[in-house]
Amino acid sequence: MEALSKEMGVVYLLDKPYKDESIDSIDLESLLTPKPKGVVLKQKEGYYNVGWSNQLHRIISKKAISADEVARFKAISKADLLLDVNWMLCGHQPAYAIELFSDDLLYFKTSFCFDCDTWINEVQGEFIRLHLNNTKLLDWLNSVIPLPK
């Protein structure tokens, strides 16, 4: 019997946050305050918005992943993506992000910070930073798109 839906995903390898040259200093208050509902997230071709801080990160590389790889990610994420809130203040410097689709419908999107062990979840248009228990996730992501040396 054929599957009812086709799952696939995209893994992104991201660069440091894009700095708008017109901004001279970082507004720490804006980094610490969740974005209110209705705020339009910045978009720029070739960049990924992590949501939490509304910062753009240049996409270094991206790779489509199969349904089998999506299943592997889900198995790892059950242990590595915890649901307790993490308020570390490193600014969320992700190396990786992932998007999961069922047919063509995006149903999961997050980025990971392995500096402060957080991941981002969006709930009803608001972003929260949750604890990342990185036991296997970085190794799996690095096997999909290797980090540059």
Side-chain angles (χ1 to χ4, degrees), residues 1-20 30-149:
M1 180 174 183
E2 227 177 283
L4 297 177
S5 66
K6 182 179 178 192
E7 284 197 302
M8 57 126 356
V10 180
V11 173
Y12 297 88
L13 177 61
L14 304 176
D15 202 354
K16 61 186 177 197
Y18 168 73
K19 184 173 188 255
D20 186 340
S30 69
L31 289 176
L32 303 177
T33 306
K35 303 296 168 243
K37 288 184 181 180
V39 168
V40 176
L41 294 178
K42 297 176 196 172
Q43 293 183 351
K44 184 176 172 81
E45 184 69 31
Y47 290 79
Y48 189 93
N49 192 316
V50 300
W52 171 261
S53 61
N54 204 7
Q55 283 188 319
L56 298 172
H57 293 252
R58 185 175 65 85
I59 298 170
I60 296 171
S61 181
K62 67 181 181 178
K63 182 179 178 188
I65 58 173
S66 68
D68 289 340
E69 290 167 313
V70 169
R72 179 74 179 128
F73 168 76
K74 287 180 180 180
I76 293 169
S77 68
K78 286 180 182 178
D80 281 14
L81 302 184
L82 305 178
L83 295 177
D84 56 311
V85 175
N86 187 338
W87 293 105
M88 294 297 294
L89 303 176
C90 84
H92 196 71
Q93 307 293 324
Y96 290 103
I98 191 168
E99 296 175 345
L100 302 181
F101 300 86
S102 179
D103 295 322
D104 289 332
L105 179 68
L106 175 68
Y107 70 87
F108 182 78
K109 174 180 178 175
T110 192
S111 57
F112 312 99
C113 182
F114 295 102
D115 282 340
C116 66
D117 293 327
T118 61
W119 64 286
I120 302 297
N121 197 8
E122 182 180 357
V123 179
Q124 297 180 343
E126 294 189 30
F127 296 94
I128 54 174
R129 292 170 58 151
L130 299 170
H131 187 66
L132 173 63
N133 177 31
N134 177 35
T135 56
K136 296 179 183 170
L137 186 58
L138 182 57
D139 290 339
W140 179 80
L141 289 165
N142 195 35
S143 74
V144 175
I145 301 178
L147 287 168
K149 295 191 183 222

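All values below come from the heavy atoms of this structure, side chains included, with hydrogens, waters and symmetry mates left out.
Between atom CG of residue Leu41 and atom CZ of residue Phe127 there is a gap of 4.5 Å, rounded to the nearest 0.5 Å. Distance CG/Asp117 to CG/Leu138: 10.0 Å, rounded to 0.5 Å. Remark: Ser77 OG to Leu137 CG distance equals 8.0 Å, nearest 0.5 Å. Taking CZ of Arg129 as the reference point, atom SG of Cys116 lies at 4.5 Å (rounded to 0.5 Å). The CG atom of Leu13 lies 4.5 Å from the CD1 atom of Ile60; values are rounded to the nearest 0.5 Å. Rounding to the nearest 0.5 Å places SG of Cys113 at 11.5 Å from CG of Leu14.
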Steps toward side-chain contact (heavy atoms from CB on, under 4.5 Å) verdict (Leu100, Val10) = CA-CA 7 Å; Leu100 302 181; Val10 180; over 6 Å; no
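For the pair Lys109 and Tyr48, the cation sits on the ring face: its NZ or CZ lies under 6.0 Å from the ring centre, inside 45° of the axis.
At least one side-chain heavy atom of Ile145 sits under 4.5 Å from a side-chain heavy atom of Tyr96. Within the 4.5 Å cutoff, no side-chain heavy atoms of Tyr107 are placed close to those of Glu99. No side-chain heavy atom of Leu130 sits less than 4.5 Å from a side-chain heavy atom of Thr118. Counting heavy atoms from C-beta on, the side chains of Leu81 and Leu132 come closer than 4.5 Å. Between Phe112 and Ile120, every side-chain heavy-atom pair lies at or beyond the 4.5 Å cut-off.
In Asp104, the CG atom is not crowded: 12 or fewer heavy atoms of neighbouring residues, nucleotides or ligands sit closer than 6.0 Å.
Looking only at atom types and distance, the side chain of Asn49 has a donor-acceptor partner in the side chain of Asn54 under 3.5 Å away.
Between Phe108 and Phe73, the ring-plane angle classifies as tilted under the 30° and 60° cut-offs.
Under the salt bridge (charged side-chain N to carboxylate O under 4.0 Å, His left out) criterion, Lys74 pairs with Glu7, sequence neighbours left out. Glu69 meets the salt bridge (charged side-chain N to carboxylate O under 4.0 Å, His left out) test with no other residue; sequence neighbours excluded.
At distances below 3.5 Å, not a single donor-acceptor pair connects side-chain atoms of Asn121 with backbone N or O atoms of Ile128. Distance alone, capped at 3.5 Å, is enough to place a donor-acceptor pair between the Trp119 side chain and the Leu82 backbone.
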